[in-house]
2 protein chains.
Amino acid sequence: MSKSTIYQIAEQVGVSPSTVSRALSGNGYCGKRTKMKIIEAAKALNYAPDQAAKMLKTRKTNKIIFAVPDICNPFYFDMINGINQVAEEYGYLLILIYTKHQLSEELKAIQNVKERVADGMIMVSFHFCEENIKAINELSSPVVLTNQFDSPGGGDRFDYVYVDTYAGTKQGTEHLIQQGIERIGFIGGSLSEQTGMQRYAGYRDALLEGGVPYADELVKESDYTEAGGYEVAKRLLSQPDRPQAIVAANDLMAIGVMHACEEAGLSVPLDMAIVGMDNLDISSRVYPKLTSVSLMQEEIGRQAAMILMYRLHGKAMERSAIKIVPSLVVRQSSIWRTGDTK
Amino acid sequence: MSKSTIYQIAEQVGVSPSTVSRALSGNGYCGKRTKMKIIEAAKALNYAPDQAAKMLKTRKTNKIIFAVPDICNPFYFDMINGINQVAEEYGYLLILIYTKHQLSEELKAIQNVKERVADGMIMVSFHFCEENIKAINELSSPVVLTNQFDSPGGGDRFDYVYVDTYAGTKQGTEHLIQQGIERIGFIGGSLSEQTGMQRYAGYRDALLEGGVPYADELVKESDYTEAGGYEVAKRLLSQPDRPQAIVAANDLMAIGVMHACEEAGLSVPLDMAIVGMDNLDISSRVYPKLTSVSLMQEEIGRQAAMILMYRLHGKAMERSAIKIVPSLVVRQSSIWRTGDTK
DNA sequence: GTAAAATGTGAAATCGATTGCAGAACGGAA
DNA sequence: TTCCGTTCTGCAATCGATTTCACATTTTAC
């Protein structure tokens, strides 16, 4: 009942193992009658090819690794999904490695590629440093990196996919400006981090380009949590000349803002229009539904996987740094004037 | 710079490949001086053991497969997380296979185990039938099955982990009864499915045992979606003697109920207490926060992985069917009388 | 009908590690 | 010194498939 090998099939049918291999894999010539007999015998013997042996000989694993910092973060699920779509299409299995934001774990993931556990890897990392860049550059297998910042640099040996968060907050802010709102607040993450800075810059530039006055007191830093957004929003709302709209650097903070409004008796969106970013699952479930900038996670995953597939199939390509443009998903929370709630 | 083998190291150092293997893997004797030289040479040659070769010889892959119907469903992320915790602890990598609720994909996943892509598998399936049970029983590698129903039966060759959803709705209902609420409605999924029936039965039995009258008009079937819950709730709310509380068979429907209440001008929880089930991420973010029965996804994953590890390490065990008891997470939406909103 | 091309098959090498066996070198005890 | 036990090392087989080469057989072409 249990496993068997091509040798046993060969013996059974009375041919050589090589013939069995050819019959079963379809590589090379094989007579029709022999082939039939071999296939039958394989079925009878409950044969299944041993992938380890196959891998050893062919130097292909048909697996790719996705190294992700944080499995618990819903942000990455969509990425996994995007990657998996492509992987499946090309006949690859997906190995998930959870790096916990730790360099040591990232290096372990890289080591796995080096040991040929998989043919290639997609990695999300927030700390590119000499050590992991060097390790990646030494690999002979392709690696695609992604995160929400812009290019890590130093990588002549890997491709890169990233989201333009600057364009994201800019879009969100423009959407508000187009409705004629003039006092627009911003709640960001830390401005000392690159990603926080970019989101802020998008907001600021949208104001400038839109000819809307920029006011320092309408900009607050927070920590990307719901509670953080709530606290900061309370301060914004109690200001003498409170904003009419708020752009939050992520959805969790935006939801915090919504709660603060509710508590202050302000109607969203009529008294206060709100735009978030990340387009979480939750965001379409809160009331009113939250307008949010989608960071296109699934698209990132798909693009990254695509590039990896191109590399794996030897297509010649420049090293690429693909910038994904986020897209604004308009829902009730930001519809201030026009009545077309969708 | 690229890959090298133990043969190259052997040549470099002037010993035999077997010695190199022993030095590097630590199996068997190896002189201290030789070992040092070998390790040095390995480093110099940028050596990494080829896992395919190792797998072929040792018959171990150090990988497990998790076959899951639906990557997009947040329900499974926590399971993945639980599984991964255990897998990592034991030095296994996790391969994710997305079966899309299709039997054919499940069979492919099983085939992967048969071909020794991984040492074992955890699978979530909603349609156990002769075909996949048979395929699993023919495997020589261990498989652990899980879903939300009770035992599939027919499996002398696999272990089983499941959640007692009956106990879940029962707990939720009892929680309401204990607060003195008497007219408690129930919104379930299809009662013709096992899982729907069990959730309903838990509700019904809680009423019976709590001495609270059961009324047919307070029980509605829906489809586990937010929109479905909303629709059905509207009907419940417009009844002459509307319920004071509602138990929903999952959180999405419960959120639909909340929206219906909001629309009808009913305060949650004062006019209407609500309990959901699944304890989604969202549920703690809606307003008011939703009381929900946690189905312990992470715990299921952890338990399933544990059992798999035991099997893989040859520990003798009875075939097990582990029942996980869900736990009620009380939040504002169900606090009717006492003032201790937490 | 014969040459040329296409097809079918087997022997043997190969992928890169692990491991059982046997012999060598070493140590300490008598 | 002799003997025994431990430690070290090499040889060679093995895991299970793929693939090159050579040869045998068939088919096609003219």
Side-chain angles (χ1 to χ4, degrees), chain A residues 2-39 41-42 45-63 111-119 140-141, chain B residues 2-39 41-42 45-63 111-119 140-141:
Chain A
S2 62
K3 60 248 170 186
S4 57
T5 71
I6 51 168
Y7 296 92
Q8 294 168 36
I9 297 177
E11 193 179 14
Q12 178 109 98
V13 178
V15 293
S16 77
S18 11
T19 304
V20 176
S21 173
R22 279 186 289 252
L24 261 24
S25 71
N27 303 341
Y29 295 114
C30 182
K32 243 185 138 184
R33 275 205 59 65
T34 341
K35 188 168 186 170
M36 287 240 319
K37 283 203 286 181
I38 288 174
I39 289 178
L45 286 170
N46 191 26
Y47 171 81
D50 186 297
Q51 293 301 328
K54 188 171 195 158
M55 278 165 52
L56 176 56
K57 182 61 183 174
T58 63
R59 318 302 299 143
K60 285 266 302 168
T61 65
N62 289 306
K63 296 180 199 60
Q111 180 67 18
N112 274 306
V113 177
K114 193 170 168 190
E115 297 183 359
R116 295 180 171 286
V117 166
D119 300 329
S140 49
S141 311
Chain B
S2 62
K3 62 246 169 184
S4 58
T5 71
I6 52 169
Y7 295 93
Q8 295 169 35
I9 298 178
E11 193 179 15
Q12 177 109 99
V13 179
V15 293
S16 78
S18 11
T19 303
V20 176
S21 172
R22 280 186 288 254
L24 260 25
S25 70
N27 301 340
Y29 295 114
C30 181
K32 239 184 139 185
R33 276 205 57 66
T34 340
K35 187 168 186 170
M36 287 238 320
K37 283 202 288 181
I38 287 173
I39 290 177
L45 286 170
N46 190 27
Y47 171 80
D50 185 297
Q51 293 301 327
K54 190 171 195 158
M55 278 165 54
L56 176 57
K57 183 61 184 173
T58 62
R59 318 302 299 144
K60 285 267 301 167
T61 65
N62 290 306
K63 296 181 198 61
Q111 181 67 18
N112 273 307
V113 176
K114 192 171 167 190
E115 297 183 0
R116 295 182 169 287
V117 167
D119 299 330
S140 49
S141 310

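Letters A, B, ... mirror the listed sequences (proteins, then strands); counts begin at 1.
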Undergrad: Distance check needed: D:dT19 C1' versus A:Leu56 CG, whole Å only.
TA: 13 Å
Undergrad: Atom NZ of B:Lys54 to atom C1' of C:dG16: distance rounded to whole Å?
TA: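 Whole-Å distance recorded here is 12 Å.
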Undergrad: Would you be so kind as to tabulate the donor-acceptor pairs closer than 3.5 Å made by side chains of residues 18-26 of chain B, with sequence neighbours excluded?
TA:
unit_1  : atom_1 : unit_2  : atom_2 : d
B:Ser18 : OG     : B:Ser16 : OG     : 3.0
B:Thr19 : OG1    : B:Ser16 : OG     : 3.3
B:Ser25 : OG     : B:Ser21 : O      : 2.9
B:Ser25 : OG     : B:Asn27 : N      : 3.3

Undergrad: Take the protein atom CD1 of A:Ile6 and the nucleotide atom P of D:dT19, then report the distance between them rounded to whole Å.
TA: 11 Å
Undergrad: Calculate, to the nearest 0.5 Å, the distance between atoms NZ and OG belonging to A:Lys114 and A:Ser140 respectively.
TA: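 It is 9.5 Å, given to the nearest 0.5 Å.
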Undergrad: Which nucleotides of nucleotides 5-13 of chain C have their base under 4.0 Å from a protein heavy atom (B), which only their sugar-phosphate (S), and which neither (-), written as one string 5' to 3'?
TA: --BBBBBB-
Undergrad: Can you tell me how far C1' of C:dA17 sits from CE of A:Met55, to the nearest Å?
TA: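 Answer to the nearest Å: 13 Å.
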Undergrad: Using only side-chain N and O atoms of B:Arg116, determine if any of them is under 4.0 Å from OP1 or OP2 of D:dC15.
TA: no
Undergrad: If you look at every strand shown and take non-hydrogen atoms under 4.0 Å, does A:Ser21 touch a base, only sugar-phosphate, or nothing?
TA: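 The answer is base, as A:Ser21 lies within the cut-off (heavy atoms under 4.0 Å) of a base atom.
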Undergrad: Which part of the nucleic acid, if any, lies within reach of A:Ala23 when heavy atoms closer than 4.0 Å are counted: base, sugar-phosphate only, or nothing?
TA: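 A:Ala23: no heavy atom of the nucleic acid under 4.0 Å.
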Undergrad: List the atom pairs, with distances to 0.1 Å, where a side-chain N or O of residues 53-61 of chain A and a protein N or O form a donor-acceptor pair under 3.5 Å, not counting sequence neighbours.
TA:
unit_1  : atom_1 : unit_2   : atom_2 : d
A:Thr58 : OG1    : A:Lys54  : O      : 2.7
A:Thr58 : OG1    : A:Lys60  : N      : 3.4
A:Arg59 : NH1    : A:Leu56  : O      : 3.2
A:Arg59 : NH1    : B:Asp50  : OD2    : 3.1
A:Arg59 : NH2    : B:Asp50  : OD2    : 2.7
A:Lys60 : NZ     : A:Tyr92  : OH     : 2.5
A:Thr61 : OG1    : A:Lys63  : N      : 3.1
A:Thr61 : OG1    : A:Asp119 : N      : 3.2
A:Thr61 : OG1    : A:Asp119 : OD1    : 2.8
A:Thr61 : OG1    : A:Asp119 : OD2    : 3.3

Undergrad: Please give, in whole Å, the distance from C:dT14 P to B:Asp50 CG?
TA: 17 Å
Undergrad: Over how many whole Å does the gap from B:Met36 atom CE to D:dC8 atom P extend?
TA: 14 Å
Undergrad: Evaluate B:Glu115 against A:Gln51 for side-chain contact (heavy atoms from CB on, under 4.5 Å), listing each step before the verdict.
TA: CA-CA 6 Å; B:Glu115 297 183 0; A:Gln51 293 301 328; 2.4 Å; yes
Undergrad: Report the distance from atom CD of A:Glu115 to atom C1' of C:dT18, rounded to the nearest whole Å.
TA: 15 Å
Undergrad: Do B:Val13 and B:Ile9 have side chains that get closer than 4.5 Å, going by heavy atoms?
TA: yes
Undergrad: Start at the 5' end of DNA chain D and walk down; is the nucleotide closest to B:Ala53 or to A:Ser25 reached first?
TA: B:Ala53
Undergrad: Does A:Gln111 CD have over 12 foreign heavy atoms under 6.0 Å away?
TA: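 Buried by this count: over 12 neighbours within 6.0 Å.
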Undergrad: Considering just the side-chain nitrogens and oxygens of B:Asn27, establish if one lies under 4.0 Å of OP1 or OP2 belonging to C:dT18.
TA: no
Undergrad: D:dG16 P sits how many Å from A:Leu24 CG, rounded?
TA: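 Roughly 15 Å, once rounded to whole Å.
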Undergrad: Check every strand shown and say whether A:Ala10 touches a base, only sugar-phosphate, or nothing at a heavy-atom separation below 4.0 Å.
TA: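 Nothing, no heavy atom under 4.0 Å.
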Undergrad: Which heavy-atom pair separates A:Ser4 from A:Tyr47 by the least distance, and what is that distance?
TA: O-CD1, 3.2 Å
